[in-house]
Amino acid sequence: MTLRMSSLFLRTLREDPADAEVPSHKLLVRAGYVRRVAPGIYSWLPLGYTVLRKVERIVREEMVRMGAQEVHFPALIPREIYETSHRWTEYGQNLFRLKDRKDADYLLGPTHEELFTLLVKGEYSSYKDYPVSLFQIQTKYRDEARPRAGILRGREFVMKDSYSFDLDDEGLAKSYAAHRAAYQKTFERLGLDYRIVSAVSGAMGGSASEEFLAPTDSGEDTFVQCDNCDYAANTEAVEIAVPPAVDASQHPDAQVLDTPDTPTIATLVERLNSLRLGREFSGADTLKNVVMKSRAPGADWELLVVGVPGDREVDLKRLAGQLEPTEVAQAEPADLARQPRLVKGYIGPQILKEIGVRYLVDPLVVPGSAWVTGANEQDKHAAFVVRGRDFEPDGEIGAVEIRDGDRCARCGGHLAIARGIEIGHIFQLGRKYADAFELDALGPDGKSIRITMGSYGIGVSRAVAALAEQHHDEVGLIWPRSVAPADVHIVVAGKEEQLAAAEALAADLDARGLSVLLDDRAAVSAGVKFKDAELIGVPTVVVVGRGLADGVVEVRDRAAGTRDDVRLETAADEVAARCS
RNA sequence: CGGGGUGUAGCGCAGUUUGGCAGCGCGCUGCGUUCGGGACGCAGAGGUCGUGGGUUCAAAUCCCGCCACCCCGACCA
């Protein structure tokens, strides 16, 4: 196929759009791939739509190859289907809701667990039917509080979602592994650099949920990666190495200190060091007790105190991820007021058992360790407060904010913090939806078997943005061949003879099955054509210009920046070879 | 929801302080020159200055209200 730029619906921009911040957004708009319609809502122009379809095709091929079958659901869904799974209310404000003419409630699907589950329930009823995996590539709608970064995080976006249905956990594990392998293949073919990171902590659920992240500075997800082993995890799920437990009996007795006006760790450390207790103290020697509140599903809010070393912050997201489905939040002054024995700024764990407040510590607060912590009295702290002697937590929970350089729990290597774009997520859902919709199969013994499900997503339109983030330079995009809007971009830098030669070359390449973007614009200078070619980012560019007098054309490699003169007669062979 | 910022031609912006003809660059149309790195000349088209009200002889500019959008955070995958 040959696209002629003289008639292609395309207008490139010389300047960055004012509302764009990240490279993919700037370049996709400047190069005429997408245009904004409303916040988080974009139109795809011919070049952009071609790239989007190529990504889609690769995703589809790999899904089919792993044995999943393609279906297509409506985006417009009646309320009752979402009521059954309680998500009409649970999904909250992110759900686009609308009414039909009869005033009945509808929604625009943000994801399709319900429809998939209902479809399978309606069609299949025997154990002989399973396992089965279904997928669709479809437009999803989420009314994000703050869409951002162009098509990286939109309110309307294209997603491939698939679901596996199995009779038992082993089956689910197999389906999960098959999807995982298919995703690896998919992202390799797309030319995306990616990491598979654990999305739940090892303590909670093994490998039941993993994210595929494309590392880039504009990414919204923070993850850590070990510099020594292959451990990688979302910061919400990461586990870090902790010091060994200590013998509690080696510490002196706890001792109450006068520490007026030391409500913060910094002021406390300063005061401690002025007391000349025979050693220097740092924030890491203090135990900070943060008052939170938690609420189990269906229960009331109750106070929860979390203990972390004083030089560390509590990472609320990390905490929430591990406590789910119990909610957690920072305690309000009103919550604190109901426990008069908790003295703000001077809270210590010594009395928590007595007053019935749940206490969790970060694993860094190892058994037998001694701390300077609050004495539960205004202006007083206590030193040599020992875990296992002076207090005993109700449990451990990874609560501290991870730092660059923290040690890997597996191998002791250094963990580096990096950012990435979530381009895929695989998740062993289990029986949540099967329970809600009573999805069962009749077993060989005449008893029903509750089906177990896996859920797997790839952000298709987001992958286009991620590709742009990873493949560009100062002057434009540089697409991997597998997704480029064309195989070859021919620049006609001259008049009649050059145009004729370029047309002939384009026809030759076209006949070989390559797609050609032919810049045959008559009234545009060569300089503009070169700039546009760089901006658009087709991997191979052929310049038919002044060299034609000597019988050569110039073949450029956009990524490598190389330029080679090639005889016109062999140009098609050369280009075809580069494109294979 | 909290904080910061912006709305003027298709795009990028100046003009608002100190009220007085609606401007610049890119893009677009026509003619001519140029023709391998975002060429040049001449002539053009294109605007409800976000919106509603107010002050004034006169409002893009001052006052009051509203709306929209962008960025950071909260939230979310």
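All values below come from the heavy atoms of this structure, side chains included, with hydrogens, waters and symmetry mates left out. All of these numbers come straight from a predicted model, not from anything done at the bench. Every chain is numbered from 1 and lettered A, B, ... according to where its sequence line falls, protein lines coming before strand lines.
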Atom pair distance, as rounded to whole Å: [atom1] in [X] and [atom2] in [N]:
| X | N | atom1 | atom2 | result |
| --- | --- | --- | --- | --- |
| A/Lys26 | B/C71 | NZ | C1' | 13 Å |
| A/Glu554 | B/G36 | CD | C1' | 9 Å |
| A/Arg14 | B/G27 | CZ | P | 5 Å |
| A/Arg148 | B/A74 | CZ | C1' | 10 Å |

Determine the interatomic distance between [atom1] on [N] and the same-named atom on [M]; round to the nearest Å.
| N | M | atom1 | result |
| --- | --- | --- | --- |
| B/G50 | B/A60 | P | 10 Å |
| B/G5 | B/G47 | C1' | 24 Å |
| B/C42 | B/C26 | P | 12 Å |
| B/G15 | B/U55 | P | 29 Å |
| B/C69 | B/G12 | P | 16 Å |
| B/G37 | B/C21 | P | 44 Å |
| B/C28 | B/G10 | P | 15 Å |

Tell me if the side-chain of A/Gln498 makes a donor-acceptor pair with the base of B/G36, cut-off 3.5 Å, by modelled atom types. no
Given the structure, check if the side chain of A/Asp532 and the base of B/G38 hold any donor-acceptor pair shorter than 3.5 Å. yes
key: Check: A/Phe212 ring centroid to A/Phe187 ring centroid under 6.0 Å   = yes
Using Watson-Crick or G-U wobble geometry with both distances under 3.5 Å, which nucleotide pairs with [N]?
| N | result |
| --- | --- |
| B/C75 | none |
| B/C69 | B/G5 |
| B/G12 | B/C24 |
| B/A39 | B/U33 |

OP1, OP2 of B/G38 versus side-chain N and O of A/Ser525: anything below 4.0 Å? no
Exercise for the section: Using the six-membered ring wherever Trp is involved, compare the ring planes of A/His179 and A/Tyr456 and label them parallel, tilted or perpendicular (cut-offs 30° and 60°). Expected result: parallel
Of A/Arg155 and A/Arg11, the one whose nearest nucleotide on RNA chain B sits closer to the 5' end is A/Arg11
Comparing A/Ala18 with A/Arg546, nearest RNA chain B nucleotide closer to 5' gives the residue A/Ala18
Practice item. Before accepting this row, confirm whether a basic side-chain N of the pair A/Arg30/A/Asp532 lies closer than 4.0 Å to the acidic partner's carboxylate O. Key: no
Checklist entry - Checking A/Arg97 against A/Trp88: charged group under 6.0 Å from the ring centre and within 45 degrees of the axis? => result yes
Pi-cation contact, A/Phe530 with A/Arg556 (under 6.0 Å, within 45°):
yes
